[in-house]
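Report on the structure given below.
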Amino acid sequence: MHVIDSHTGGEPTRVILDGAPDLGTGPLAERARRLATEHKAFYRSVMLEPRGQPAMVAALLVEPVDPTCVTGVIYFDVDAVLGMCGHGTIGLTVTLAHLGRIGVGIHRIETPAGVVTVELHDANTVTVTNIESRRVQRAVTLDVAGLGPVIGDIAYGGNWFFIIDPSPIPVEPANIRQMTDAAIAIREASIAQGVGGEQGEPVDHVIFQEPSPKDGIHSRNFVLCPDDAYDRSPCGTGSSARLACLAADGVLAAGEEIEQESVIGSTYRLSYQPGPGGGVIPAITGQAYVMAEARLIFDANDPFKEGIET
Ligand code: PYC
């Protein structure tokens, strides 16, 4: 299996070029469902240690349905197949440029959540124009074990987010363990209390948000991903969901650009345009760097061939 690893603001992406199970044809959402239900051992073996690493997201290249797209892609982490992934799309775009498959300019990429547009500005800098993002519920109260009542917004940016602003815990590296535990409890409470998307979609990510103390940086966030790792980047789909909340609250105008940082200090530039469905079309600009190119080997005699399950 030929893979190329990159990171976007510290968050790793593993692009899978070949060697994955055949997911058949049809809409990408259907092929993503097939991956999630029929090939769990495969995707876990690619993401679990010793082959993978915490927080890593894979970008499995597939044939697009839309022939105007440069590729189709299905994202997954060790615990879930994702609808879309912002940092992964920046990493994928830089990887396609590294392979000589695309050049500077605008390209279309098909994901299970829909077609996104990417603009490659130089070898490392990409703007992703995401699918329409929206807030679906404002100021929902969850009763969270060990924390009590927690108030947040439910928003969609290609994945489902519960966003708490301001964060009850300072968004600093020293508090990553505490925020991780709190965010897991919040995600579990949202699922147990049936709080999610319009069609009952479960919350899969949790965001703690607060203003940044740094000059010129609007805000910083901590994002819990489905694999219980935190996003080292400011999270592209999470930033999209957040933009939808800022727009709905009337505190950020269309076209106005802000810079947002992650808990480790990596940044995205963010803006939006109004969407046709009443939400926002987010634009996310960030940088990725290719780190490694490898062939993964699955030795039948390897006792940890399927990864280390703990
Ligand atoms: O950047 O959208 C994102 C993302 C989702 C999960 C990890 N990163």
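Whatever order the structure lists ligands and atoms in, that order sets their numbers, starting from 1. Source: prediction; values computed, not measured.
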Nitrogen or oxygen of C85 less than 3.5 angstrom from that of ligand 1: no
N/O separation below 3.5 Å, S233 to ligand 1: no
N or O pair under 3.5 Å between H87 and ligand 1: yes
Sole candidate of H218, E259, E257 that passes side-chain hydrogen bond (donor to acceptor under 3.5 Å, both in side chains) when paired with R269: E257
pair V94-S6: side-chain heavy atoms closer than 4.5 Å: no
T237, any N or O under 3.5 Å of ligand 1 N or O: yes
Shortest non-hydrogen contact between I169 and S167, atoms and distance: O-OG, 2.5 Å
Residue G236 vicinity, atoms of ligand 1 by number, heavy atom under 4.0 Å: 1 (O), 2 (O), 3 (C)
Donor on one side chain, acceptor on other, E261 and T267, under 3.5 Å: no
Flag if over 12 foreign heavy atoms under 6.0 Å of CD, E63: no
For C225, the ligand 1 atoms whose distance to one of its heavy atoms is below 4.0 Å: 6 (C), 7 (C)
Those atoms of ligand 1 less than 4.0 Å from some heavy atom in D231: 1 (O), 4 (C), 7 (C), 8 (N)
Minimum heavy-atom distance A113-M84, with the two atoms named: CB-CB, 3.9 Å
Passing option when H87 is tested against T8, T13, T237 for side-chain hydrogen bond (donor to acceptor under 3.5 Å, both in side chains): T13
Identity and distance of the protein heavy atom lying nearest atom 3 (C) of ligand 1: G86 N, 3.2 Å
Contact with ligand 1 for H205, non-hydrogen, under 4.0 angstrom: yes
